[in-house]
Amino acid sequence: MLTLSFMTIEDILKSDIQKAITTHFDISLDDILLQPTKKEFEGFYTFVTFSLTKATRKSPAEIGQTIGSYLVENSPVVGGFNVVQGFLNISLKDSTWLELFNDIFSDQAFGTFAANGQSVMVEFSSPNTNKPLHLGHLRNNFLGDSLSRILKASGFDVVKTCLVNDRGIHICKSMLAYRELGNGETPETSGMKGDHLAGKYYVIFDIEYKKQIAALIEQGMSEEEAAKKAPWILEAQTLLQLWEKGDEGTVALWQKMNGWVYAGFSETYQKIGVSFDKTYYESNTYLLGKDIIEEGLNSGVFFKKPDNSVWINLSEEGLDEKLVLRGDGTSVYITQDLGTTELKNDDFHNDRYLWVVGNEQDYHFKVLFAILKRLGRTYADGCYHISYGMVDLPSGKMKSREGTVVDADDLVAQMVQTATDRTRDLGKIDDFDGDEAKLLYNQLAMGALKYYLLKVDPKKRMLFNPEESIDFQGHTGPFIQYTYARIRSIARKAEQAGILATIPAPEYVLKGAERELIFTLSQYPSKVADAAREFAPSLISQYAFELAKVYNQFYAEVSIFSDPDQDAVRLRVALSAAVAETIRKALGLLGIEVPERM
RNA sequence: GGUCCGGUAGCUCAGCUGGAUAGAGCAACUGCCUUCUAAGCAGUAGGUCAUGUGUUCGAAUCACAUCCGGAUCACCA
C-alpha cells in the first residue's frame, strides 16, 4: 500500500513520467513540468510532449500515447489518460483521490508548514502622526498583516513591526496651526477622533501657508522665495528646532497631540484587526545612523565633499551618487533608515527583513540595500522591499491637501453600513441578537474590504471608484464567507442527523464534482508556499475564490443528504467539512473572519 | 532626458518560469428556489492580449523598437 500525501502526488506523477521516458526513449529530462488540465478536457494533470519531439523523432501524439500507456500499466496512481495533439492528459484512480482526500481530511495542520527555523520581520503600516489613515494605508496594512500570516503559516517565525513617523517638519505644521488657531479644542470638545483632529490642523496649516505665500507674491516676491519666507513656515522650522532642543512647552504640545493621534490610530487598528509586536518611533530613532556614517567613512565606503557633506558613489550598482549626511552633520532619510535597520537587527537578529512600502520608494530601497551591502552587513541579503502599487481614484492620485483622499474610517463605516443593509434586506438572520448581528456586519464589511484590496497583485497599482460601492457578490470576500456559512449549515444538519463524516472504501466511484473538489483542496499547501515565496497574498485570494466556486458547483450539482448511498452522504459531509476548514484557513491568511451564519 | 513599473472584454482584474479554441467577477440578456442558505447555480453575448519586428514547432507570456499612462532621479520623508 502506497502512502500518498498532498505534497507528493505531483512528484509521483513526475517521477513515473520520467521512468516512462527513460524506458521508452532512453533519455532523461532535468525537470518534468505538469500543468493543470484545461476544464474542457478530461483529466487533471497535463504533460506537454512537444519538447520531446526532437530527441525522440516521434510525433507529439505518439509520445503522449507511449507515456500514457506506460503510466496506466506501471504507475500506481494513474487511472487513465487521453492525448490531444501534444498534450497528455492524465486522470488519477478514484482510490488515489480518496487516499489523497483522507490525508487532507485527517491532517489538522493541512496547509501549515512546520517551523523552518528562519525568522522574518515585517515592517508595515508606518503612519505619519499628522493625518488619519486613508485607503492607501489600508492596502499597506492589509498586505503587511496578510503577509505576516502567510509567512507564519509557511514556517517562519514572524515579528510584525511598525515605524511611526511622529516627528519632523510636517508634525510641527499641525502643531503650529493648532497652537495658533486651535482655541484649546480637544477630541472631547470637538467630538472628533484624535487623528482626524490633528489632520484638520494639518490642512489648516496648508491653507494659511498658501495665503501667506500669495500675500508675499502680491508684494513682489518670487514664488520660490515666498514659499521659503512665509511666516508660518519659518515658525514651523523654529518649532522643529525647539522640539529637537527638548523645549518643554513644545514637547508638551507634541505629546498632547500625538497622544490624541495614537488613540485614534489604535481605534482604527482594532477595527481593521491589525496589530504589531513592536512599534518603533522615529522620535527615538531619528538620530541613529550617524555612527554608521562614521564607520563607512573610516572604511572608505563613504567620502566627504568640501562642504563636509558625506556621500556614497553607487554608480557600479547602476545608481547615482547619494548623500548620506548633510554638511551640517544632520541626518537625511537614508541615514535614519541605516540606523533603524541596524537597531532592528540588534533587537531581533532576524534572518530576513521586509518593508511593506509603496513603489514610489523603489529607488530609496535599492540605495539602502546597496549601502548595507557595501558596508558588509550580512543581513543585507535578507532585506526585501515589498513594493506595492498606489491606490488611484478615477481622478488620479489621492492628495490629502486637495481633499481627494478616501479616509479609512469613513470607508470602513460605509462598508459596515452596506453590509448591514444587505443583510437586513435578505432577512436571513432575523433571530440574531444585537451583538451577534453587529459582529456579522463587521465581519462582512471587513471581508469585502480586505478581499477587495488583497485580490489584486500587490505590485500593480489599482483603481478605486468611490462612486461604485465595493461588491458583496461575485469575486468578493462575502461570496467566500457565504460559502463557508452554507457549509456550516450543512455540518449542523449532519450533526443533528447523526451523520458521521467518513471516507468510503477504495472501490467507491467518485462523481466528477467530488473529484474536482479533492483536486482543488489538494492545491492549497502549494498555494501557501507560492504566496510566501512571492510575497503575494493575492495568490491566496484567488485560491479561496476558486475553492468556493468549485464547492458551490458541487453544492448545486449533487444532493448531500438525499442520496440513497450512505457512503456518498458521509463522504460529501467530509468533503464539505474539509472545504470549510480550508476556506477558514485561507481567509484567515488574509485576515478575514468567517461567520457561522449569514 | 536617465532608470523602473504598467497597457488583456464596456468596467475591475486573473493568466506572464513560452504551449490546447485567452479566463473570472461586475454591468447586459435567458433560465433555475413547496429538497441541504438564490450573498448561489447554469447559460448567451462581449477580445486584432497598446503597436510593429524578431526568436520558436508554438508568443498575451521572451527580445528589440515605437506609442500611451504612472513612479522616481531632493541636503523631503
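The figures here come from the full heavy-atom set of this structure, side chains too, leaving out hydrogens, waters and symmetry mates. Proteins get letters first, then strands, A, B, ... in listed order; numbering begins at 1 in each.
With a 6.0 Å radius and a threshold of 12 heavy atoms from other residues, nucleotides or ligands, A:Lys438 has its NZ atom at or below the threshold. In the displayed structure, A:Glu534 atom CD is contacted under 6.0 Å by more than 12 heavy atoms of other residues, nucleotides or ligands.
Between B:rU37 and A:Ser489, a contact under 4.0 Å exists linking OP1 or OP2 to a side-chain N or O. Listed pair A:Lys54 / B:rC57 meets the phosphate criterion, a side-chain N or O lying under 4.0 Å from OP1 or OP2. Neither OP1 nor OP2 of B:rG69 sits under 4.0 Å from any side-chain N or O of A:Arg461. At the phosphate of B:rA42, OP1 or OP2 sits under 4.0 Å from a side-chain N or O atom of A:Gln553.
Between B:rC26, B:rA77, B:rG7, one nucleotide has an atom nearer to the side chain of A:Lys460 than all others, and that is B:rG7. Checking B:rC13, B:rC36, B:rC41 against every side-chain atom of A:Phe479, the shortest atom distance belongs to B:rC41. Distances from the side chain of A:Lys38 to the nucleotides B:rG23, B:rA42, B:rU37 place B:rG23 closest. Listed nucleotides: B:rC76, B:rU72, B:rC4. Nearest to the side chain of A:Arg326: B:rC76. Checking B:rG19, B:rA77, B:rC41 against every side-chain atom of A:Ser51, the shortest atom distance belongs to B:rG19. The side chain of A:Tyr363 lies closest to B:rC73, out of B:rC73, B:rG70, B:rA14. In this structure, of B:rG40, B:rA71, B:rG25, it is B:rA71 that holds the atom nearest to the side chain of A:Lys397. Residue A:Asp471 has its side chain nearest to B:rC26 when only B:rA71, B:rU21, B:rC26 are considered. When distances are taken from the side chain of A:Leu463 to each of B:rU12, B:rC75, B:rG23, the shortest belongs to B:rU12. The side chain of A:Lys366 lies closest to B:rC4 when the candidates are B:rC13, B:rC4, B:rC41.
In this structure, A:Arg597 fails the cation-pi test against A:Phe432, since its NZ or CZ atom is not both closer than 6.0 Å to the six-membered ring centre and inside 45 degrees of the ring normal.
When all heavy atoms of A:Pro458 and A:Pro537 are compared, the pair lying nearest together is CG-CD, 4.2 Å.
In this structure, A:Glu282 reaches the sugar-phosphate backbone alone: every heavy-atom distance under 4.0 Å involves primed, P, OP1 or OP2 atoms, never a base.
Side-chain N/O atoms of A:Thr46 and base N/O atoms of B:rA20 include a donor-acceptor pair closer than 3.5 Å. Counting distance only, with no hydrogens placed and no angle test, the side-chain atoms of A:Asn89 and the base atoms of B:rA20 include a donor-acceptor pair under 3.5 Å. For A:Asp328 against B:rC75, no side-chain N or O and base N or O form a donor-acceptor pair under 3.5 Å.
We find that the ring of A:Phe50 and the base of B:rG19 stack, their centres lying under 5.5 angstrom apart and their planes tilted less than 30°. Under the stacking criterion of a centre-to-centre distance below 5.5 angstrom and an interplanar angle below 30°, A:Tyr555 is not stacked against the six-membered ring of B:rG40. For B:rA20, the base is stacked against the aromatic ring of A:Phe87, per a cut-off of 5.5 Å between centres and 30° between planes.
Atom C1' of B:rG10 sits at a distance of 35 Å from the matching atom of B:rU56, rounded to the whole Å. Remark: the separation of the P atoms in B:rA22 and B:rC68 is 30 Å, to the nearest Å.
Note on A:Arg584 versus A:Glu581: salt bridge recorded, some NZ/NE/NH1/NH2 to OD/OE distance being below 4.0 Å. Ion pairing between a basic and an acidic side chain is recognised when a charged N comes within 4.0 Å of a carboxylate O; A:Asp530 and A:Arg533 show such pairing.
The pairing partner recorded for B:rC64 is B:rG52, the criterion being a Watson-Crick or G-U wobble arrangement whose two distances lie under 3.5 angstrom. For B:rG69, the paired base is B:rC5 (Watson-Crick or G-U wobble, both distances below 3.5 Å). Pairing for B:rC33 is absent, with no Watson-Crick or G-U wobble pair whose two atom distances lie under 3.5 Å.
For B:rC33, the base is syn relative to its sugar; the glycosidic angle is within 90° of 0.
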